Amino acid sequence: MKVLVIGSGGREHALLWRLAQSPSVTEVYAITGNDGMSDVAHLIPVKGHEDIIDFARLMNVDLTVAGPETVLTEGLADEFAEKGLAFFGPSKAAARIEGSKGFAKNLMKKYGVPTAAYEVFTDEDKAVEYLKANKKYPIVIKADGLAAGKGVIIAQTEKEAIDTVKDMLEGHSFGGAGRSVVIEEFMEGEEASVLCFCDGTTVVPMVSSQDHKRIYDGDKGPNTGGMGAYAPAPVMTDDMMDEVKVKILRPMMAAMKKEGYPFVGCLYAGLMITDEGPKVVEFNCRFGDPETEAVLPLFDGDLAQVMLDCVHGKLTKEEVKWKKGCAVDVVMASEGYPASHSSGEVISGLEEAKATGCLVFHAGTMKKNGEYLVNGGRVLNVVALAPTLAEAKAKAYEGVSKIHWRGVQYRKDIADKGLHHLEEKK
Ligand code: AMP
Ligand code: GLY
């Protein structure tokens, strides 16, 4: 099989690396990828839907996989389907599950999928009236459209909530994405991510994982794209995963099919494990980043075949297998991230890090005169596999300790919440 992955981050490097190991795969292409992926894929510098489709058609690509949500909400899956080309990723209609928070919330409400209570507003006066009547703070305010994961404000007071809503509805923040806002109940608990293979009817969850969204240790500081992940997440016990399947994943799969937009691809359920059980924080219509970098190294099977079976509506849970053990992914970011990022610094120690047995997935790097340079906010993912979470953490940080550049920053506490759960269980 010839396989194409669209995207250029650490998630896509992990996808390419895993797909390249599929027994059924002969060639792997990335559009447009990054220099660090050239170890596993041919980098193809084309842009635009038409050129991507032409490439897939002319090169007889058997399977195309989308990384980022943007191409999906723009309808690239539909365009591939029109040409009879296999594409792992949801249609434009199904991608609204991520593209519009209001849409996702309404669907969950209609089908009784547990999530925070909410209201959607486009009218500022009505939103302010609602906030004045609300007595429970904090409250969560979300820009309705795509805002690169940054359109969520947890307002601690009524004043902060009203200011935020005004700002969003008047279009000052998040541009068009904030012209409609979702106001929802604050859920108390611990978060976990469950990525799932979906074929439109059947949903098979991958091992659970947990992201670390804030920039600093102890979940302090501003939100980022994600500073690290580990898998599986001990907070997601087997019983909890069964509850997630029965109350959330299967009903959503059935709902989307019934509504006429079956979901094919990777459905990402962002969950809050509350005292009342698991509730949905958000759905994404694609693999998570950095969760994918921790989850896929544990996958044990033919990834390309599983994805192709999803595209053809033939997914079975038997073909989705997992290795024993744990994975920890530490994200190394550049100076200034997440507000800004630096670029051009020379990265040293990549080979030494790999020599510790870690995997290194590239995100914001570029190669110049034989050296890797910083070229983005999230720069590298250092991933370790080990029999236990504690060993995986120690090994990942050993890998991290070999890599240097001026201004590098990373969290020192990736996987600590998981380790804490394991301590409690003892
Ligand atoms: P979202 O973009 O919807 O995933 O939200 C970003 C982050 O905001 C989530 O990962 C949570 O940490 C937090 N968050 C969102 N909604 C809620 C909620 N209803 N209660 C508590 N925290 C939330
Ligand atoms: N890890 C969060 C995301 O991929 O949206």
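Computed from a prediction, not measured in an experiment: that's the story for all the values here.
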Does any N or O in the side chain of [X] come within less than 3.5 Å of the main-chain N or O of [Y], such that one atom is a donor and the other an acceptor?
| X | Y | result |
| --- | --- | --- |
| N34 | A363 | yes |
| S24 | M1 | no |
| R18 | L15 | no |
| D35 | K367 | yes |
| Q409 | S334 | yes |
| D329 | A294 | no |
| T274 | E188 | no |

Assess whether side-chain contact (heavy atoms from CB on, under 4.5 Å) is satisfied between R214 and T224, documenting all intermediate values. CA-CA 6 Å; R214 306 296 190 106; T224 69; over 6 Å; no

Below 30° counts as parallel, above 60° as perpendicular, anything between as tilted: where do the rings of Y372 and H362 land? tilted

According to the interplanar angle, ranging from 0 to 90°, do the rings of Y397 and Y410 count as parallel (below 30°), tilted (30 to 60°) or perpendicular (above 60°)? tilted

Gap between atom [atom2] of [Y] and atom [atom1] of [X] - 0.5 Å precision:
| X | Y | atom1 | atom2 | value |
| --- | --- | --- | --- | --- |
| I153 | I141 | CD1 | CD1 | 8.0 Å |
| T164 | L169 | OG1 | CG | 10.5 Å |
| L271 | E191 | CG | CD | 9.0 Å |
| L249 | C196 | CG | SG | 4.5 Å |
| L315 | C310 | CG | SG | 4.5 Å |
| I347 | W405 | CD1 | CH2 | 5.5 Å |

Beyond-backbone contact of [X] with [Y], side-chain heavy atoms, under 4.5 angstrom:
| X | Y | answer |
| --- | --- | --- |
| V65 | I6 | no |
| V61 | T64 | yes |
| L267 | F197 | no |
| I183 | V140 | no |
| M206 | V194 | no |
| V264 | P90 | no |
| T73 | R286 | no |
| P262 | M256 | no |

What is the minimum heavy-atom distance between [X] and [Y], and which atoms define it?
| X | Y | value |
| --- | --- | --- |
| G325 | P232 | O-CD, 3.6 Å |
| P45 | T32 | CA-CG2, 4.2 Å |
| P138 | F186 | O-CB, 3.4 Å |
| F361 | A14 | CE2-CA, 3.7 Å |
| P297 | K323 | O-NZ, 3.4 Å |
| C358 | G399 | SG-CA, 3.9 Å |

If you count the non-hydrogen atoms of other residues, nucleotides and ligands that lie under 6.0 Å from [atom1] in [X], is the total more than 12?
| X | atom1 | answer |
| --- | --- | --- |
| H49 | NE2 | yes |
| K257 | NZ | no |
| D242 | CG | yes |
| K368 | NZ | no |
| E318 | CD | yes |
| R406 | CZ | no |

Whether [X] engages the ring of [Y] as a cation-pi pair (distance to the six-membered ring centre under 6.0 angstrom, angle to the ring normal within 45°) should be assessed.
| X | Y | value |
| --- | --- | --- |
| K101 | Y118 | no |
| R378 | Y337 | no |
| K83 | F80 | no |

Salt-bridge present ([X], [Y]; N to O < 4.0 Å):
| X | Y | answer |
| --- | --- | --- |
| K142 | E282 | no |
| K220 | D413 | no |
| K166 | E170 | no |
| E259 | K110 | yes |
| K393 | D416 | yes |
| E190 | K417 | no |
| R11 | E293 | no |

Do K321 and F299 pass the side-chain contact (heavy atoms from CB on, under 4.5 Å) test, and can you show the C-alpha distance, the side-chain angles, and the key distance before you say yes or no? CA-CA 6 Å; K321 295 191 214 86; F299 179 83; over 6 Å; no

Does either side chain, that of [X] or that of [Y], offer a donor lying less than 3.5 Å from an acceptor on the other one?
| X | Y | value |
| --- | --- | --- |
| K395 | T356 | no |
| E27 | H42 | yes |
| Y268 | E69 | no |
| S22 | D302 | yes |
| H13 | D39 | yes |
| S401 | E398 | no |
| K2 | T26 | no |

Apply the test salt bridge (charged side-chain N to carboxylate O under 4.0 Å, His left out) to residues K402 and E351: give CA-CA distance (whole Å), side-chain angles for both, the deciding distance (0.1 Å), then the verdict. CA-CA 9 Å; K402 308 289 180 196; E351 291 312 315; over 6 Å; no

Candidate pair K92 and E74, rule salt bridge (charged side-chain N to carboxylate O under 4.0 Å, His left out), full reasoning: CA-CA 6 Å; K92 185 173 182 172; E74 287 162 6; over 6 Å; no

Candidate pair L63 and F88, rule side-chain contact (heavy atoms from CB on, under 4.5 Å), full reasoning: CA-CA 7 Å; L63 172 71; F88 182 82; 4.2 Å; yes

Can I97 and M252 be said to form a side-chain contact (heavy atoms from CB on, under 4.5 Å), step by step? CA-CA 10 Å; I97 197 78; M252 278 308 282; 3.4 Å; yes

Which pairs with one or both residues in residues 200-250 pass ring-ring contact (aromatic ring centres under 6.0 Å, His included), sequence neighbours excluded? H212-Y230

